[in-house]
Amino acid sequence: MNKNQENGGVEIVVEDKDKENGTVSGKAIDLDDVLTNEVGEFGLFQFRNVLLLAVLILTFGTLQEYIFSTAATPHRCRIPECGEYEKMHDIKPEWIKNAVPEISTGLASCEKYASTGLQVNGTLDYCPANFFDQSITIPCNDFVYAKDNTVIYEFNLGCKEWLRVLAGTLFNVGMLFAMVITGIVSDHFGRKVALVFNILNLGIFGLMRAFSVNYTMYLILQIVQSTLGTGVYSTAYIMAAELVGPKYRIIVGVTCTAMFATGEAVLGAVAWAISPWRYMIIALTIPWFLYISYYWIISESVRWLLSKKKYSEAKQILLTVAKVNKKEISEKSLEALVSAPPQLHAAANTNNPGLVRTVIRSPVLLRRVCTTPVWWIGMTFVYYGMSINSTSLSDTMHLNYILMAIIGVPAFYVSAFVLARIGRRATISGSFILSSICCISFVFISNDLPILRLVIYLIGKFFISLVGSSLYLYTCELYPTEYRHTLLGFSSMLGRVGSILAPLTPALMTYYHGLPSLLFGGMAAIAGLLALTQPETLGCKLPDTLEEAEAIGTPSSKITSS
């Protein structure tokens, strides 16, 4: 009897004679069988492969340098009446309150007092109040900045808050397009080609962006680099997971995610050490040119080669895996892998009503299709939003960002533990709600308690990180095999809406300082409550058919020991 495997492997059927009745039966063999029983699920070859790709993923975590290069830079109006004719002066001279009004958070950033119109000739040391009419305020035309090492200073973006945060939004828009482009390249030309294609673009366009002559050029190169390069993460993730056995796939996936978070911490450290934005981008971009060597170092995906009938290359790689792992693979297994009968998947294509019609006809599946994308939007919105807004927690923005990144690493590994013990639904819903409580509580904690504010913020980031590493598994388990990859991709793609909106949230602090955190808390609460509407999948078999997916949570869906 044929049995579909979900791990992306190429399944074949070997005919065996039934000794009792002399009939022929089908024995399913796929790549997972060969990895488990012959060449090794996680030997030296896989360890080396995962290590190389993990280093690549760590570097990918440094790509969000716009958080620092376009970071909010303290500024105020330039006062030419007092001898200020450049962008860099003391931002708080003794006379500044004579020229700039005070607001609840300090000095106004975007307005100043009107000049009295007298022929004044103040200096940087002498600027009396009678130079200004303090009953009239006017908007700034030029600015003085506290730092000269950001894009904001370089391209004079003072008080253009929505334009400033656009860099992060365009980065995430590019990531959305990258999923489609990289998928096409990967499926047609192979994982290695897709990997190097993305690596090369990250290096070339990243280096070009470091030499931007204006903000428009910076933004254009930002979205081009993101669109043509950020598919490197999904490609590396797939290549790391595809050649390990089922027993190690979860821990390898968690490790890849943890390496991304570690890369975020490395970004904070590099930005701290190299503050000029152009030099920082150059330092973060150079490693991508070294990774071009992966085209000759990393092996192509055996699963992709088998799916494209490139059997000789697949056999050679499997023989190499077996040799490095000090194992042996039988010639019979090799022949079986490359001898899949063409009619194997023919039955799957008959009487198929199509995905859209299937979803509409199934109320259970329709509810899930409307629910899982909201989880993904909520997770990405809160996860990236908290990371981006962490730089404004205090003056030590680099340390804040590093802590936000590092706290995610234990969360990813904790998820692997709790998912198997308290269940998927309880883990995801509880983590969403706990993160929501932390975000909302943070708004009402006084600035005079910086340690408490930081601790609450870190706890909130911990729980949303735990959600992030759990959603892949739970979403996969809710959908049947035939539509699983498509609906997981649909949910993940819509989830990018959250990461696109997240970079815009710092601009909301101009209206109310706690507005971003309130939005994070509200979105997390909604997603957490929606998680309770779906059944628990712990202990349930992975559904192959629509009927099995609809039955999740019932006694018939449970795995029974034989």
Side-chain angles (χ1 to χ4, degrees), residues 52-71 148-155 164 166-175 177-178 181-182 185 192-237 259-298 384 387-388 391 398 401-402 405 499 503:
L52 288 168
L53 292 168
V55 173
L56 184 69
I57 291 172
L58 183 150
T59 309
F60 179 81
T62 67
L63 278 183
Q64 298 182 87
E65 50 71 30
Y66 64 84
I67 293 175
F68 297 102
S69 60
T70 62
D148 63 353
N149 55 10
T150 67
V151 169
I152 312 307
Y153 171 87
E154 184 93 8
F155 302 131
R164 177 185 74 83
L166 188 59
T169 294
L170 292 179
F171 176 85
N172 285 282
V173 169
M175 288 191 71
F177 294 144
I181 294 172
T182 301
V185 175
K192 276 207 312 183
V193 172
L195 189 73
V196 176
F197 170 79
N198 281 274
I199 287 172
L200 195 59
N201 288 322
L202 287 176
I204 292 173
F205 292 108
L207 202 59
M208 290 172 63
R209 191 158 52 87
F211 294 94
S212 298
V213 296
N214 53 54
Y215 194 52
T216 300
M217 179 179 176
Y218 178 92
L219 291 178
I220 291 173
L221 289 172
Q222 177 79 287
I223 193 170
V224 171
Q225 182 192 26
S226 178
T227 301
L228 300 179
T230 53
V232 72
Y233 175 79
S234 59
T235 308
Y237 187 102
M259 291 304 289
F260 171 77
T262 305
E264 291 181 304
V266 171
L267 166 62
V270 172
W272 201 349
I274 308 173
S275 56
W277 70 274
R278 294 185 188 273
Y279 296 141
M280 175 183 65
I281 293 178
I282 291 172
L284 293 171
T285 300
I286 287 175
W288 292 113
F289 293 102
L290 302 177
Y291 293 133
I292 295 173
S293 62
Y294 275 34
Y295 185 81
W296 297 277
I297 298 175
I298 296 288
Y384 288 107
S387 293
I388 293 167
T391 57
H398 298 94
Y401 185 79
I402 291 171
S499 60

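Given the structure is predicted, the values throughout are model-derived calculations rather than measurements.
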Peer 1: Please say whether more than 12 non-hydrogen atoms of neighbouring residues, nucleotides or ligands are located less than 6.0 Å from CZ in Phe289.
Peer 2: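 It does: Phe289 CZ has more than 12 such atoms within range.
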Peer 1: Dump the intermediate steps for side chain to side chain contact (heavy atoms under 4.5 Å, CB included) on Leu63 and Leu202, then the final yes or no.
Peer 2: CA-CA 9 Å; Leu63 278 183; Leu202 287 176; 3.7 Å; yes
Peer 1: Quick one, Ser69 and Thr150 - any side-chain contact, counting heavy atoms below 4.5 Å?
Peer 2: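 Ser69 vs Thr150: side chains apart.
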Peer 1: In terms of relative ring orientation, are Phe68 and Tyr401 parallel, tilted or perpendicular, with 30° and 60° separating the classes?
Peer 2: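 Plane angle over 60°, so perpendicular.
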Peer 1: Which residue pairs pass the salt bridge (Lys or Arg N to Asp or Glu O under 4.0 Å) test with at least one member in residues 213-223, sequence neighbours excluded?
Peer 2: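 Residue pairs passing salt bridge (Lys or Arg N to Asp or Glu O under 4.0 Å), neighbours aside: none found.
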Peer 1: Which atoms form the tightest heavy-atom contact between Ala178 and Thr230, and what is the distance?
Peer 2: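 Taking every non-hydrogen atom into account, CB-OG1, 3.3 Å.
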Peer 1: Restricting to non-hydrogen atoms, name the atom on Ile274 and the atom on Ala283 that form the minimum distance, rounded to 0.1 Å.
Peer 2: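 Answer, listing the atom of Ile274 first, then Ala283: CD1-CB, 3.7 Å.
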Peer 1: Minimum heavy-atom separation for Ala236 to Leu53, with atom names?
Peer 2: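 Looks like O-CD1, 3.7 Å.
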Peer 1: With rounding to the nearest 0.5 Å, note down the distance linking CG in Leu52 to OH in Tyr291.
Peer 2: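 One finds 9.5 Å between CG of Leu52 and OH of Tyr291.
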Peer 1: Heavy atoms only: give me the nearest Ile281-Ala210 pair and the separation to one decimal.
Peer 2: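 Heavy atoms of Ile281 and Ala210 come nearest at CG2-CB, 3.8 Å.
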Peer 1: Applying side chain to side chain contact (heavy atoms under 4.5 Å, CB included) to Ser212 and Leu221, what does each step give before you reach the verdict?
Peer 2: CA-CA 8 Å; Ser212 298; Leu221 289 172; 4.0 Å; yes
Peer 1: Got a second to check how far Arg209's CZ is from Ile204's CD1, nearest 0.5 Å?
Peer 2: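 Going from the CZ atom of Arg209 to the CD1 atom of Ile204 covers 14.0 Å.
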Peer 1: Working to the nearest 0.5 angstrom, can you tell me the gap between Leu170 CG and Ser226 OG?
Peer 2: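 With rounding to 0.5 Å, CG (Leu170) is 9.0 Å from OG (Ser226).
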Peer 1: For a 4.5 angstrom cut-off between non-hydrogen side-chain atoms, does Tyr233 reach Ile57?
Peer 2: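 Yes, close enough: below the 4.5 Å cut-off.
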Peer 1: Side chain to side chain contact (heavy atoms under 4.5 Å, CB included) for Thr182 and Asn198? Distances and angles first, verdict last.
Peer 2: CA-CA 8 Å; Thr182 301; Asn198 281 274; 3.4 Å; yes
Peer 1: Tell me, which pairs form a salt bridge (Lys or Arg N to Asp or Glu O under 4.0 Å) where one or both residues lie in residues 271-281, sequence neighbours left out?
Peer 2: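 Qualifying pairs, neighbours excluded: Glu154-Arg278.
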Peer 1: Which heavy atom of Asn201 sits nearest to which heavy atom of Gln225, and what is that distance?
Peer 2: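 It is O-CG, 4.2 Å.
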Peer 1: Evaluate the criterion side chain to side chain contact (heavy atoms under 4.5 Å, CB included) for residue pair Tyr66 and Val151; output intermediate values, then yes/no.
Peer 2: CA-CA 9 Å; Tyr66 64 84; Val151 169; over 6 Å; no
Peer 1: Which value, rounded to the nearest 0.5 Å, describes the distance between Thr59 atom OG1 and Leu267 atom CG?
Peer 2: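 It is 11.5 Å, given to the nearest 0.5 Å.
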Peer 1: Look at atom OH of Tyr294 and say whether more than 12 heavy atoms of other residues, nucleotides or ligands are closer to it than 6.0 Å.
Peer 2: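 Enclosed.
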Peer 1: Does some side-chain heavy atom of Leu195 sit less than 4.5 Å from a side-chain heavy atom of Leu56?
Peer 2: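 Side chain of Leu56 against side chain of Leu195, heavy atoms only: contact under 4.5 Å found.
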Peer 1: Answer whether the closest heavy-atom distance between the side chains of Val270 and Leu284 falls below 4.5 Å.
Peer 2: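 The answer is yes, as the side chains (C-beta and beyond) meet within the 4.5 Å cut-off.
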Peer 1: Check whether the ring centres of Trp277 and Tyr218 lie less than 6.0 Å apart, and answer yes or no.
Peer 2: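 Aromatic pair counts; centres sit under 6.0 Å.
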Peer 1: Working to the nearest 0.5 Å, report the span between CE of Met259 and CG of Leu58.
Peer 2: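 Met259 atom CE to Leu58 atom CG measures 4.5 Å (nearest 0.5 Å).
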Peer 1: Is any side-chain heavy atom of Phe197 closer than 4.5 Å to one of Ile181?
Peer 2: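 Yes - at least one pair of side-chain heavy atoms lies under 4.5 Å apart.
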Peer 1: Mind listing the closest non-hydrogen atom pair of Thr70 and Arg164 along with its distance?
Peer 2: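 So the minimum-distance heavy-atom pair works out to O-NH1, 2.8 Å.
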Peer 1: Out of curiosity, Ile199 CD1 to Trp288 CH2, how far, rounded to the nearest 0.5 Å?
Peer 2: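 Separation between the atoms: 6.5 Å.
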